[in-house]
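Take a look at the structure below.
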Protein chains: 4
Amino acid sequence: MVVAPLPVSSSAEPVSQRRRRKDARPSELTAAALDLFVEKGFAGTRLDDVAARAGVSKGTLYLYFDSKESLFKAVIEEGIVPALAAAEQQLADYRGSSTDLLRMILKGWWAQIGSTRLAGVVKLIISESHNFPEVAKYYHDRVIVRGRSLLRATLTRGIDAGEFRAMDVESCIDVTIAPLLMLIIWCHSLCICGHDIEPERYLDTHIDLLLHGLCERGPA
Amino acid sequence: MVVAPLPVSSSAEPVSQRRRRKDARPSELTAAALDLFVEKGFAGTRLDDVAARAGVSKGTLYLYFDSKESLFKAVIEEGIVPALAAAEQQLADYRGSSTDLLRMILKGWWAQIGSTRLAGVVKLIISESHNFPEVAKYYHDRVIVRGRSLLRATLTRGIDAGEFRAMDVESCIDVTIAPLLMLIIWCHSLCICGHDIEPERYLDTHIDLLLHGLCERGPA
Amino acid sequence: MVVAPLPVSSSAEPVSQRRRRKDARPSELTAAALDLFVEKGFAGTRLDDVAARAGVSKGTLYLYFDSKESLFKAVIEEGIVPALAAAEQQLADYRGSSTDLLRMILKGWWAQIGSTRLAGVVKLIISESHNFPEVAKYYHDRVIVRGRSLLRATLTRGIDAGEFRAMDVESCIDVTIAPLLMLIIWCHSLCICGHDIEPERYLDTHIDLLLHGLCERGPA
Amino acid sequence: MVVAPLPVSSSAEPVSQRRRRKDARPSELTAAALDLFVEKGFAGTRLDDVAARAGVSKGTLYLYFDSKESLFKAVIEEGIVPALAAAEQQLADYRGSSTDLLRMILKGWWAQIGSTRLAGVVKLIISESHNFPEVAKYYHDRVIVRGRSLLRATLTRGIDAGEFRAMDVESCIDVTIAPLLMLIIWCHSLCICGHDIEPERYLDTHIDLLLHGLCERGPA
DNA sequence: CATGAATGAGGTTTCATTCAT
DNA sequence: GATGAATGAAACCTCATTCAT
């Protein structure tokens, strides 16, 4: 029971203040919920706090979402798919070396997702998928499969072109993704405690090691 | 609040059945708690269920632990430190190439931690550290710092010996660890949904890419 | 709090569509409320549902009624009194045997009240009077007293004329009324479950037994 | 999820105070609930009040009943069936005139049910069956069907023996029962408001009218 | 007049914690 | 030492009521 995730009311006619507010509410609420779910986990988040952070009363939440669980699902759904679709489009007609393409994907991922509030969604999925199998399935089908396809195409292309060594592509995909996801987790959970990570340096090292590792004698 | 981390009752004198049972209780309880904390998260786990899984009454939990939170801390404390100490000892007097040492560390980590129930502790820390800063601090000081030292020493040794390229060691450590931690998370949270990971293959690829990436012309 | 019990707008002057609508509103609302109060009880009825059934917004209810309770009272008040007044008038100048009069009252009650939506009001009083003593008092004074008077007069007349046996009139009244009220309750509450009642047959049997019971050797 | 409706612990061995209390709890709770359900209706009854009346905390209710609804069902189930079974047994081997039998049934009903707290259960069914179809079905099958059978047998026996007129038995049953049920309703709901009923007189009149009505020339 | 978004008190339900047995 | 019945604070959720539009 989610309404109009994106209030695209670019018509010329004047919309009432009230209507504009109502259109904006769902994403105000999911934004507040995202922050708290990421911070406290699903079970640890109180709807009181979500409402307070969004600046509304507890009851208002229930005008837009049937239950805590449906709010959770809306948070996930609203977050990722649009971003991924954009990424796919952007890379579809890339011309250039696979090395550059791979570098561009990883950097782009950081710019578009990893460093934004969308990263919280990723954290959420990782933490809560055990308790929400349906959400995990949804996310798997809509995001993971497509994200892996992107990398698979890139790696395969590089191997076919002789840029990369012949390797087990499927596990290469996983090993490529893993440091990205851990970066999110570190930023969201563990930065607090002592050891700070500098994302740019971390990513550069990951890319450097990866491309060196993929190429027979290091990347061009 | 009593916590007997390891029921080392290897004394020769005969202990009564009841006494042995009492000594074993704490770790029976933390074992049950670990499973459920990993599966449902801290807030999502009910002490009823912990007690039921351990085969005792709910009240008994409070004979051994002051509160849900102290049970959580005991789960963490009991789990990791002994394992890490063993690993440090094992590697202290290693003689051989840094390449082999690094390979051995990663494989050993999987054998001693990643594939065992200790992995659940890691998952827990990752999921819940936000809500338990003290636990995160404790874990950081006792585990993360020492684990990173191990890798730092290995990488530095390899660079000094000319086996590895000169690189930014600190971020290399993180990038090396990340796939290990993600492997745990995948096994504990996401395996359910569709994409199965084969740990051995995944680790081999990680090691292969890493060593290729670290060496100027690939590992020997 | 406005209550227009009967929208008697039979004036000759033309009223605007809007005005006619406004006059009709209160009874549209009480009609919707009656249905739901009967079906779910007072506490179990949501004003949302009342408004939806009447085809107006929830706020509109509050233009006509101060509160849920005042809506309830209006439902009761609007329902019964007019019908009873009509019945009294109709029977005032009856000439004929008491047997026929009694038969006519019971049949008439079914035709005018028992089989109509007014029956719901009776059901309501029965179910909710405990929670609304004032409403019960009001109903008692306006309806019960007068209804019993009607029967008392009829029975007394029959006894005085030698048509009926001399009996305890007050309890005869109650025993006469009881099957009528239970008929309403059965139709409104219990018909659902299995045992169907055929009101005409039921009434005929009631009248037959009653008149046989009242007369020394059965009715003429 | 009801436990041991009747704590038949007449064994000689001493039971702990605590155990005895636990056995008694369910019926203490249903007794309290019955009172309030009858008085306020299902939706109008707060579990706080039920708990308070039973002298326990709100949480304790949930040790014995899964939900408000299951408490309601327990109230119904616990109440009637035993009483009816007793009545059936009592009448099974009756020898005597049908007139006396019928009189005995009606008087007995008042003594065993109508004048006891079981009457509240009847009131409840009447008020709430609309909202709880399953409960209504259960009650219909277990109570109504059997109660009607009792009367059917009696009436048929009387007609066959020539004591009663040949009549439509099914509707006679309903008309016989109706004043009993209304008596309960009056005692439980409407006595408050003015018109008091005297049950004994009311019943005598009902029986008098009924037997007179059934017999060709009045009962013997 | 009419709307329906917003409110918040109050209901049902859960669960960490206590304590008499 | 062990139990599990009892507690009550706090969570989720509902809905009568209000008020800006």
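Worth knowing before you read on, the calculation uses all heavy atoms, side chains too, and leaves out hydrogens, waters and symmetry mates.
Look at CD on A:E28: it is 13 Å from C1' on E:dA6, rounded to the nearest Å. Here E:dT17 presents its C1' atom at 18 Å from OH of B:Y64, a figure rounded to the nearest Å. Computed from coordinates, the D:D23 CG to F:dA5 P distance equals 10 Å when rounded to whole Å. Atom pair D:R25:CZ and F:dA5:C1' shows a separation of 8 Å (rounding to whole Å applied). Per the geometry, CG belonging to A:L63 stands 18 Å off P belonging to E:dT3, to the nearest Å.
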Which is it for A:R46 and A:K40 under the side chain to side chain contact (heavy atoms under 4.5 Å, CB included) test, yes or no, and what are the steps along the way? CA-CA 9 Å; A:R46 287 174 304 166; A:K40 318 260 192 191; over 6 Å; no

Working note: D:L71 + D:L47, criterion side chain to side chain contact (heavy atoms under 4.5 Å, CB included); need CA distance, chi angles, decisive distance, verdict. CA-CA 10 Å; D:L71 171 62; D:L47 292 185; 4.1 Å; yes

Applying side chain to side chain contact (heavy atoms under 4.5 Å, CB included) to A:E128 and A:F72, what does each step give before you reach the verdict? CA-CA 10 Å; A:E128 303 288 345; A:F72 179 78; 3.8 Å; yes

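Side-chain contact check for B:H188 versus B:V38: some heavy-atom pair is nearer than 4.5 Å.
Atom CG of residue D:D48 and atom CG of residue D:L36 lie 11.0 Å apart, to the nearest 0.5 angstrom.
The closest side-chain donor-acceptor pair between A:S57 and A:T60 falls under 3.5 angstrom.
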Only Watson-Crick and G-U wobble pairs with both distances less than 3.5 Å should count. Give DNA chain F in dot-bracket notation, marking inter-strand partners with |. .||||||||||||||||||||

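Remark: C:K68 is positioned above the aromatic ring of C:F42, its terminal NZ or CZ atom under 6.0 angstrom from the ring centre and at most 45 degrees off the axis.
A salt bridge links D:E28 with D:R25: the distance from a Lys NZ or Arg NE/NH1/NH2 to an Asp or Glu carboxylate oxygen falls below 4.0 Å.
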Per-nucleotide protein contact string for nucleotides 9-15 of chain E (B base, S sugar-phosphate only, - none; heavy atom under 4.0 Å): -BSBBBS

